Peer 1: 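Below is a structure I'd like to ask you about.
Remember, it's a predicted structure, so these values are computed and weren't measured experimentally. These values consider heavy atoms only, across backbone and side chains, with no hydrogens, waters or symmetry-generated copies. Below, read A as the first sequence line, B as the second, and so on, with proteins coming before strands; counting in each chain starts at 1.
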Amino acid sequence: MPLRLLKYALSKDYPGTRFFKAHETPKKSYDVVIIGGGGHGLAAAYYLAKEHGITNVAVLEKGYIGGGNTGRNTTIVRSNYLTPEGVKFYDASVKIYEGLSEELDLNLFYSTRGHFTLAHTESAMRTMRWRAEVNKHVGVESYVVGPDEISKACPQLDMSCSGQAPILGALYHAPGSVARHDGVAWGYARGADQLGVEIFQNTEVLGIDVKAGKVVGVNTNKGYIATSKVLSAVAGFTPRICEMVDLDTPIVIHPLQACVTEPMKPWLDTILVSGSLHVYVSQSSRGELVMGSSLDPYEVHSTRSTLDFVEGLTSHMLDMFPFLSNIKVVRQWAGMADMTPDFAPIMGKTPIEGFYLDAGWGTWGFKATPISGKTMAETIARDHAPDLIHSFRLSRFEDYELTGEKGAASVGH
Amino acid sequence: MKLLTCPVNGTRPLSEFVFGGEYRVAPPADCTDAEWAAYVHNRSGAPGIKNEWWYHAPSGTWFIAERNTLTDKVMRTYLKGQEGSK
Amino acid sequence: MSARLAKQKGEWINRSTAVKFSFEGKEFSGFEGDSITSALWASGEQVIGRSFKYHRPRGILSFANHDVNIMLTDGMDTNIRGDVVPVRNGMALEAVNTDGGVKKDKNRFIDSISPLLPVGFYYKAFHTPRKLFPFWENIIRKAAGLGVVNFNYPRILKRKKHRHCDVLVIGAGASGLSAAYEAGKSGLRVMLVDENLQIGGSLGFDWGGTQEAANLLKDLLAKVESLPNVEVIAAAYAAGYYPDHLIPVVTADGMIKVRANAVIMASGAFEQPPVFRNNDIPGVMLGSAAQRLLHRYSVKPFSNGVVFTANDYGYRVAQDLLEAGIKVAAVVDLRSDAKDGPLAAQLARRGVKTISGSCIYEVQPNAGKTGVKSVTVAEYDEKLNEALTRSKVTIDCDGVAMCAGWAPAANLLYQAGTAMRYDYGVHQFVPNKLPAGIFAAGRVNGVYALEQKVQDGARAASLALRHIGLGTPELSSVSPSNTAQSHEYPVVPHPKGKNFVDFDEDIQVKDFINAAKEGFDNIELMKRFTTVGMGPSQGKHSNMNAIRILARVRGVPVEQIGTTTSRPFFHPTPIGHLGGRGFHPHRLTPLHDMNHKLGAVFTDVGAWKRAAYYQVPGLSLADTVLAEVEAVRTKAGIIDSSSFGKIEVHGPDAALFLERFFTGSYSVQPVGSSRYTMLLDESGVVIDDGLAHRLADDLFYLSSGTSNAAAVYREMQRWQQMWQLDIGLVNVTGSYAAINIAGPLARQVLSGLVNVSLDESAMPAQSICEAEIAGVPVRLIRVVFVSDTTYELHIPTPQAAFVWERVMGAGHALGLKPFGTDAQRLLRLEMGHAMPGIDTDGLTNPYEIGADHALSLDKPDFIGKRSLQIIAKRPLKKILVAFALDAGYAGEMPFECNLVIRDGEIEGRVTSIAYSRTVGRVIGFAYVAPDHSALESRFQIRADSGALVSATVVSSHFIAMQK
Ligand SMILES: Cc1cc2nc3c(=O)[nH]c(=O)nc-3n(C[C@H](O)[C@H](O)[C@H](O)COP(=O)(O)OP(=O)(O)OC[C@H]3O[C@@H](n4cnc5c(N)ncnc54)[C@H](O)[C@@H]3O)c2cc1C
C-alpha cells in the first residue's frame with residue numbers, strides 16, 4: 001500500500017483540504033473570463049496561469065464543475081485520427097495525458113489499454129489503412145491488424161459477430177487509453193485554484209457585452225463582470241453563447257448517449273470500437289462495461305435518454321459478445337454534443353475581438369482537454385492561435401477548407 | 001418526442017423517420033461569396049422553435065415539422081407548400 | 001437451526017414441494033416459492049455475501065429487490081440476486097467476489113486496513129512514480145468487479161411485445177390497486193404492473209399485528225379482478241420512463257413496451273436505513289425486510305431483536321414480530337417523545353420497553369462477525385445529532401429491525417421531468433409539479449395511512465381519466481401525512497466509523513464529511529467523489545441519507561441540496577432483454593440464388609449482398625479475379641448489377657429537374673441516349689455519379705451506384721418538394737434486376753436473344769432502347785463502365801432469373817463467365833473510371849477529380865454550383881491522377897491508401913491500385929499536388945515497409961496502354 005495513504009490512517013484530523021476554494025461573489029473585473037467549468041475551461045485557466053502568468057482569471061460555471069460533457073463521456077483517449085493536422089493535435093494531447101496524473105498530483109487512472117477499431121467491410125478496411133498510414137507518418141503507433149491479432153487481444157470476441165458482420169481486421173492503436181473524467185476536471189480545477197484562478201460554481205453567464213466589435217464584459221446571475229477577454233468553453237451550450245455575440249457557426253447539438261453494466265470481474269482489457277455495428281466498449285477499473293454508440297439522429301438540446309439507443313446498442317453488443325445476455329445494464333445517460341460538419345473542433349479567435357471560441361468538441365473532446373487548454377491559453381495570452389490549431393479555425397468554413405475527420409470520429413469517440 | 005405525425009400517414013414511431021435538418025432558404029445566387037459560404041455551412045444552432053425537414057421513410061414523404069429543439073415538442077407538421085392549412 | 005415459522009395465511013411458499021440446493025458447497029433445502037435469500041435465511045445462513053470494497057460479511061438489508069450485497073453465481077450465471085431470484089432444485093450457488101468462499105473470504109483483511117482507504121483514495125495514490133501505476137492498476141482491477149462472467153453463457157434473446165393502454169398504473173399496493181380499479185371502472189384499457197411476484201405491495205407484509213391490511217388487499221384485489229379491462233401483471237417492473245409515455249415493462253421472459261395515454265406512479269417508497277456503527281452486520285435489517293421475511297416466506301428474521309425506529313412504522317414492525325412469536329428486546333426510538341405515545345403503550349402492554357430519545361450507538365457482532373451479539377443504546381441529542389455516550393446500555397439480541405424512514409420510489413417520476421419539493425411535514429421529497437399525463441399516488445406522494453392511500457389512488461385515477469378526456473369529476477386532493485414518516489437526520493456519529501450509508505459501495509459517514517472538506521460539497525460532486533448511489537442498487541437505500549448528511553455539513557435545508565438525476569433503469573436490466581434480435585437489414589438481389597449456385601462469395605455493399613467473385617476450386621483469390629477480368633477482356637463476362645439505384649423521372653419538367661439536380665445538361669439530350677450524371681451537395685462536394693437514360697422527351701431513367709441509391713432518391717424527393725416541378729419520381733430499384741454482359745463477344749452472346757439489332761450503328765455506346773428477350777420486355781443500355789462493349793439489361797424482377805439463365809445458356813459456348821465486384825473494380829480501373837466513395841472522400845470537389853467536363857457551369861443553377869464558383873477561385877490543393885508503376889516493376893506492391901510522399905511530407909494518397917494483366921502494369925489513381933499532375937510527372941508512393949515506389953502520371957485510359 002503506498003505510503004501516501006498512511007497520513008489518512010495516522011492523522012487525527014482529516015488531512016484533505018479543499019480542491020478549490022468556495023468563491024461566491026466574483027470581483028468587478030478580471031483579465032480573462034472563462035465561461036464553462038468543464039475540463040476544457042478549467043485546463044485553459046490552468047495553463048493561462050501556469051504558462052503565461054495570467055492569474056486574474058475567473059472560471060464561471062453555471063452548474064458544478066465537470067457536470068457537462070466532461071462528466072458524461074466514455075473517456076476514450078486516442079490519437080489515431082485521419083488528417084495529419086488532427087493526428088498531430090490529438091497526439092500532443094495524449095503526450096500531456098501520459099504525465100498529467102503526476103503533474104496535477106491526482107491519479108486520473110490514465111490507463112493505456114490499446115484500442116481496436118474493428119473493420120467488418122472492405123471499405124472500412126480501406127479507411128483503417130488510410131488512418132494507419134497517416135498516423136505512422138506523424139509518428140503515432142497505429143497499424144492494421146488481422147483477425148488473429150484481434151482474437152489474441154480479445155479472445156472473447158465472436159469474430160463472426162454472430163454471423164452478421166464478420167470482422168476482417170482492425171486498426172490497432174497501442175496508446176488508446178481511458179481515464180477518470182471527473183478527475184481531469186478536478187485536477188485542473190485544483191491546479192488553477194492553487195495558481196490564483198477563481199472558480200465560481202452556480203454562476204451562469206447570461207449575456208456578453210460587446211461594444212464596437214470588442215468584448216467589454218459579461219452579465220451573470222451574480223452581476224456584471226468587466227473583462228476584455230472571454231473564452232467560451234461550453235461544448236453543448238456553444239450555440240447559446242454564440243447567439244449572445246451574434247456569431248454564426250456550423251455547430252448543431254445532438255445528444256450522445258452511453259450506458260454501463262453492473263460491475264463484473266475485469267475480462268475486457270482493450271477498448272473496442274465497431275463502426276459497422278455502431279458500438280464501442282471498454283471495461284472500467286470498477287468492472288463495469290462502459291458502452292456507447294453513434295450520435296442521436298436529430299437535434300435536441302436535452303440530455304434525455306431513449307430506449308431505442310439501449311436496444312440498438314445491446315443488440316450489437318450481443319453480436320460481439322453473445323455471452324452477455326444476462327449481464328445487466330445499470331444506467332444510461334446522455335450529453336449534448338456540439339457537432340461540426342467535418343467532425344473537427346472549432347478553436348481560436350473569432351471576428352469579435354476578445355471573444356475566443358473552444359467548441360465543436362462533439363463526441364470526441366475529452367481526449368483533447370489538455371491540449372485544447374494549452375493552445376487556447378496561448379491563443380488568449382498572445383491573441384494569436386498557434387499553428388497546431390490553425391486547421392480548426394472558425395474561418396475554415398468560409399474558406400472552404402474543412403478538416404475532414406468524419407472517417408475517424410463518427411463512432412469511435 | 002418518440003412519436004411523430006406525418007401529414008399523410010399519421011402518427012408513427014420515430015424510427016420510421018429520417019431527420020433532414022432545418023428548413024432554410026438559400027440566398028439569391030448573386031449574394032457574396034461570404035454570404036453563400038455562411039448559408040452552406042452555418043446553422044442556427046441555438047435552441048428554439050424551428051421548421052425542419054422530416055422524411056417518412058416507408059412512404060417516401062418529406063414534410064416540415066415545427067419543433068421546439070429544447071423541449072423536443074412538435075407544434076405541427078405540414079407538407080411543404082401547404083403551410084397555411086392545418 | 002430452522003427459522004421457519006408454522007404455516008400462515010398468505011405465505012408465498014408451497015410447503016408441499018421441497019427444493020434442494022447447495023450454497024458454498026453445503027446442502028440446503030427450501031420450498032418452492034422461496035427466494036434464494038429466504039431459503040438460506042430459513043436455514044440459519046446469515047452470511048450470504050461480502051461487501052464490494054471492505055469484504056465485510058453481509059446478510060439481508062432491504063429484501064426489496066435491491067439487496068445487492070447478496071449476489072451469487074450458479075456456475076452458469078453471475079450476479080444472481082438472492083432476494084429476487086426464486087430458488088430452484090439443484091442450484092449450486094456461491095457468493096460472488098470472495099477469495100476462498102463467503103465464510104473465509106481472504107480479502108476480509110481489507111476491512112481492517114480501511115483507514116488506509118480514505119474517500120477517493122484511488123485519486124490520491126498509485127500515480128507516482130508513473131512507472132508503477134500499471135502495477136497498482138492491475139491489483140485494483142483484480143479487486144474490482146463482482147461476479148465472474150461465463151464466456152459460454154448462451155445467447156438468449158427475450159421476446160419484445162408492444163402494448164398500448166389508456167392508463168398504466170405502476171405499483172400494485174393499496175394506492176395502485178385503488179387507482180387501477182377507479183380507472184378501470186371507466187371501461188378503458190388499464191394495465192397494472194408490479195415488480196413483486198404477488199400483487200399487494202406493502203398490504204402483503206406490513207400488517208402491524210392486525211388483519212386490516214390483509215383484508216383490504218383481499219377486497220381491492222377482488223374489485224380489480226372483477227374488471228376484465230384491467231390487466232394485472234405481477235413480477236414485472238417498469239424499467240424506465242421515456243418520452244411520450246413509453247415505458248418498458250420487464251418480466252422474466254421479455255419486455256413489454258407499453259405506451260400509455262396516462263401513467264399513474266404508485267410506486268411506493270424505499271425504506272432507508274438509519275446510520276450507526278456496524279449497521280451492516282448480518283441480522284441488522286430494515287423493518288420492512290423483517291416483515292417481508294415473516295409474511296411472505298414465514299421466516300424469522302431473528303429470534304430476539306431490537307427495533308430501532310424513528311417513526312411510527314417501527315411499532316407496526318414490532319407488533320408483527322411479536323405476532324410471529326419473536327422476542328422484541330426493546331424498541332429504541334430516536335424521537336424523544338415516543339415513549340409517552342399510544343403506540344409505545346400498546347407495546348408496553350405486550351411487555352416491550354420503548355427507549356425514546358435514544359439511538360443504537362453500535363452493534364456488537366458475535367465472535368465470527370457473522371451475526372449480532374448485542375447492541376449499545378445511548379441517548380441521542382437531536383440538536384447536535386450525536387449519541388450521548390455517558391449513558392450507554394447494552395442489550396443482548398440477535399438482530400435489529402431498522403425503521404428510520406423512507407425515500408419515495410420516484411425514479412420514473414424524475415425521469416419524466418417531475419419537479420419535486422421537500423415536504424417538512426412528512427419529511428420526504430414529494431412531487432410538486434407533474435408533467436402532463438403523469439400522476440402520482442400513495443407513499444411516493446407522501447401519503448401513508450391505509451385509507452388515505454386508497455383515496456389517493458382514486459384521486460390520481462380521476463385525474464388520469466380527465467387527462468384522457470373523460471368528464472370524470474376531480475376528487476379532492478389528499479395531503480401528505482402531517483406526521484413525519486422519516487427522520488430528518490437518522491445518523492449516529494461514531495469515532496470508529498463503520499456506520500454505513502451506502503452498502504453497495506461501503507461508504508461511511510466520515511467519507512461524506514471528508515469529501516465535503518475536500519470541496520465536494522455539492523450533491524453531484526459528492527456522488528462522484530464518494531461514488532454514493534453508483535452501485536447496482538443505484539442509491540435506493542443511500543441517496544436520501546447522503547443528501548441529509550450533506551445538508552447538515554453545509555448547514556442548509558435539505559431541499560437546497562436537491563437530488564441527483566435519476567436515469568433508467570429502475571432495476572439493472574439484462575442485455576438479452578434489451579437487445580432482442582440484432583437488426584441487420586441485408587438486401588438480396590433477385591439473382592442471389594443464381595449467384596450462389598455459381599459459387600459466388602458475397603460482400604456487403606451498402607445494405608446489399610453482392611457477389612465479390614465466383615470461387616473456382618484450386619484457384620487463389622487473386623487468380624480468380626484475374627481470370628474473371630480476362631474473360632471480360634478476351635471473351636465475355638456477366639455481372640449481376642441489380643443493386644444499382646434505378647429511378648424514373650417523368651413529366652414535362654423531367655429534363656429541367658435533372659438540370660437542376662445534376663451538374664450536366666440534359667435538356668438537349670436525345671431520346672435513346674445516356675449521359676453521365678454527377679451529384680454534388682450544396683457545398684460542392686461530390687456525392688454520387690451515375691447515368692441518365694432518356695427514354696422519351698418526358699421520361700428519364702436514372703441508374704446510379706449501389707451504396708448511395710436510397711439517399712440520392714430521398715434527396716431528389718426533397719428538392720422536388722422545394723422546386724415543385726411538374727414531374728413524378730418513382731424509385732424502381734426493386735422492380736428491375738440488372739445484368740451487364742461485357743466483352744468483345746458480348747454482342748454475339750446477346751444478338752440471338754434480343755429482338756433488336758445490336759449493330760454499332762443501331763446501338764452505339766451510350767444508347768438505350770426497349771427490347772425483348774424471349775418475350776420478356778427489357779431495357780437495353782450500351783454502357784462503357786467495364787469495357788467498351790457492354791450491354792446492360794434491366795429486367796422486370798420476376799423474370800430476372802429466367803433471363804439470366806437464357807443469357808448464360810447463350811453464352812456458354814462463347815466462354816461467358818460471371819464476374820463479381822472485385823473484378824469489376826479492376827475492370828473499371830483499366831477503363832479509367834474513378835469511383836465516388838473509393839477515389840473520393842467526404843470533402844472532394846469535382847475539380848479535384850478532374851471532372852470539370854461534367855460541369856455545365858453555364859446552366860442557370862444546379863446544386864452546388866454557387867459553391868463551385870467560390871472553390872474555383874481558390875488554388876487547388878490536390879488532384880486525382882491516373883498513374884502506372886514502371887513496366888516490369890517487381891518490388892513491394894503498394895496498397896490503396898498508401899501515401900504519396902514528397903520531401904518527407906504527405907502530398908496525397910493512392911485511392912485505387914491493382915496489377916492489370918491486361919495492361920501488363922500496376923495501375924491506379926492517386927491524389928498528388930497539382931504541380932505533379934501533368935502527364936509523365938513522377939511521384940513517390942510510400943509502401944507499407946516504408947520503401948518509396950516511383951509512379952508515373954499516365955492517361956487514365958489505361959486500356960490504351962495495352963502491351
Ligand atoms: C456520452 C458521451 C461520450 C463521449 N465520449 C467521449 C470519448 O470517449 N472520448 C472523447 O474524447 N470525448 C468523448 N465525448 C465528448 C467529450 O465529453 C466532450 O467533448 C468534452 O467533455 C467537452 O468538454 P468541455 O469542457 O468543452 O465541455 P463540458 O464538460 O460540457 O463543459 C461545459 C460547461 O459549460 C457550462 N456552461 C454552459 N453554459 C454556461 C453559461 N452560460 N454560463 C456558465 N457556464 C456554462 C456547462 O454547465 C458545462 O459544465 C463524449 C461525450 C458524450 C456526451
Peer 1: Who in residues 348-356 of chain A is close to chain B, using a strict under-4.5 Å heavy-atom cut-off?
Peer 2: none
Peer 1: Using non-hydrogen atoms only, which part of A:Leu307 is less than 4.5 Å away from chain B: side chain, backbone, both, or neither?
Peer 2: neither
Peer 1: Looking at A:Lys406, I want to see if its NZ is surrounded by more than 12 non-hydrogen atoms of other residues, nucleotides or ligands under 6.0 Å.
Peer 2: no
Peer 1: In sequence, state the C-alpha distance, the side-chain angles, and the governing distance for B:Thr69 and A:Tyr298, and then conclude on side chain to side chain contact (heavy atoms under 4.5 Å, CB included).
Peer 2: CA-CA 9 Å; B:Thr69 60; A:Tyr298 70 100; over 6 Å; no
Peer 1: Indicate every side-chain donor-acceptor pair of residues 230-248 of chain A with a distance under 3.5 Å to a residue at least two apart or in another chain.
Peer 2:
residue  : atom : partner  : partner atom : Å
A:Thr238 : OG1  : A:Ala235 : O            : 2.6

Peer 1: Report, by ascending residue number, the residues of residues 35-48 of chain B in heavy-atom contact with chain A at a distance under 4.5 Å; give 'none' if the set is empty.
Peer 2: B:Trp36, B:Ala37, B:Val40, B:His41, B:Asn42, B:Arg43, B:Ser44, B:Gly45, B:Ala46, B:Pro47
Peer 1: Rounded at 0.5 Å granularity, tell me how far CG in B:Asp72 sits from OG in A:Ser302.
Peer 2: 7.0 Å
Peer 1: Using non-hydrogen atoms and a limit below 4.5 Å, what part of residues 17-30 of chain B faces chain A?
Peer 2: B:Phe19
Peer 1: Salt-bridged, A:Glu299 to B:Arg67, with N to O below 4.0 Å?
Peer 2: no
Peer 1: Determine the option with the most heavy-atom pairs under 4.5 angstrom with chain B, choosing from A:Val300, A:Thr340, A:Asp308.
Peer 2: A:Val300
Peer 1: State the CG-CG distance between A:Asp296 and B:Leu14, to the nearest 0.5 angstrom.
Peer 2: 9.5 Å
